[in-house]
Amino acid sequence: MVTGQWFYRPEEAEKKGGGSWPLNDTRELFYSFHRDEVPAESVMHKCVVHFVPIHKQIPNRKEHPGFIVQKVYDTVERKLWKLTDKDYEDNKQHEIDLLVQKTLSRLGDLPDLEFDSTAAVFDQEEQLKAKRTLRKKNISPLDVTRNDEGSTRSDQSLKAETPGSCPCNTNEYYTILSKAKVLTGETHRDKWMTRLLQGVQYMCSCPDGLERERDIKSPRIANGSQEKSSNSVKSFTWPDAAVPAITALEKASHDALCSDFQKYNQKLRQLEFNLKNNAFLARRLLNGELEPSAILNMSPNELKKRRPKKSLMSQSACR
């Protein structure tokens, strides 16, 4: 087990009174003091997070790819506080100051933003009026369970651009799902279906029979040797083969985890990552070899498993 420090995507952080948080940047995350233990095998990969004071300019995403944190999410009061606030509890203040210091030492001194002086004064007055409940009490590890999962989600596509990824137009995938009449009407579920659909597109060929160019980041190289050409592998027609498979997978995930929005999100993020990066897993889903329920019960190691190589003995026997 490892101790995990929780960051929240804006669309996943509940807001007191309902509604959604305004988004300053598609890379934005909210920091929190929420910690709990998770299985070590659930760790998928590293990512970069920049802690940027609110009065500093956000670093250029091409020069410094990664997530951006400028606010702290209070998981109890469901409110946001700025990184630059100075009345946190002492140990939490030190924690935040250290994270900001590490970012600035890595990126250098970031330019200041030019604020409207009137707005700045008003903001200071509002801060003085606010009750700093987060600062004045100890927050132990929390079980943040979301009940009203559909009421506080943003309708925007908020997929962050992270190292190794690139921006894409999710409207294309949403349109495909809409034409297939498989959208659920629940924003967060439909958003995950568009991402799953996008994640398996590299396995499919165009309707005219011309195979789509595979994503160069797709894991077709294993142990130093590239998989054989897809001539010997069943080709899947886009999007006809992909839509039923990913909708069934999302439905099975929702049926199993709808009572815990956090676990549902975590599972879908894990599935999206592995389907994108494991062609063997994606192929088994698309050709019906693996039922959605079976995929849900697979361990992280099983999800990462590649196509088994033929032994020399079996190859000789084939000859």
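- Listed by chain and residue number, nothing satisfies the side chain to side chain donor-acceptor pair (under 3.5 Å) test with N60 (two or more places apart in sequence, or in another chain).
- A cation-pi contact, defined as under 6.0 Å to the ring centre and within 45° of the axis, links R195 to W192.
- Residue-environment remark: NZ (K304) exceeds the threshold of 12 foreign heavy atoms within 6.0 Å.
- Side-chain contact check for R106 and H50: at least one donor-acceptor pair (N or O, by modelled atom type) lies under 3.5 Å.
- Paired with S299 under the rule side chain to side chain contact (heavy atoms under 4.5 Å, CB included), one option of L303, N301, N297 passes, and it is N301.
- A centroid separation of 6.0 Å or more is found between the aromatic rings of F7 and F67.
- Residue W238 comes nearest to C204 through the heavy atom pair CB-CB, 3.5 Å, listed as atom of the first residue, atom of the second, then distance.
- Here the closest heavy-atom approach between residue A180 and residue V243 is recorded as CB-CG1, 3.9 Å.
- Closest non-hydrogen pair, P300 versus E41, comes out as CB-O, 3.1 Å.
- Under a 4.5 Å side-chain heavy-atom criterion applied to ILVMFWY residues, the cluster that includes M44 comprises F273 as well.
- Under the salt bridge (charged side-chain N to carboxylate O under 4.0 Å, His left out) criterion, E289 pairs with R284, sequence neighbours left out.
- Just one of H188, R189, E250 meets the side-chain hydrogen bond (donor to acceptor under 3.5 Å, both in side chains) condition when paired with Y264; it is E250.
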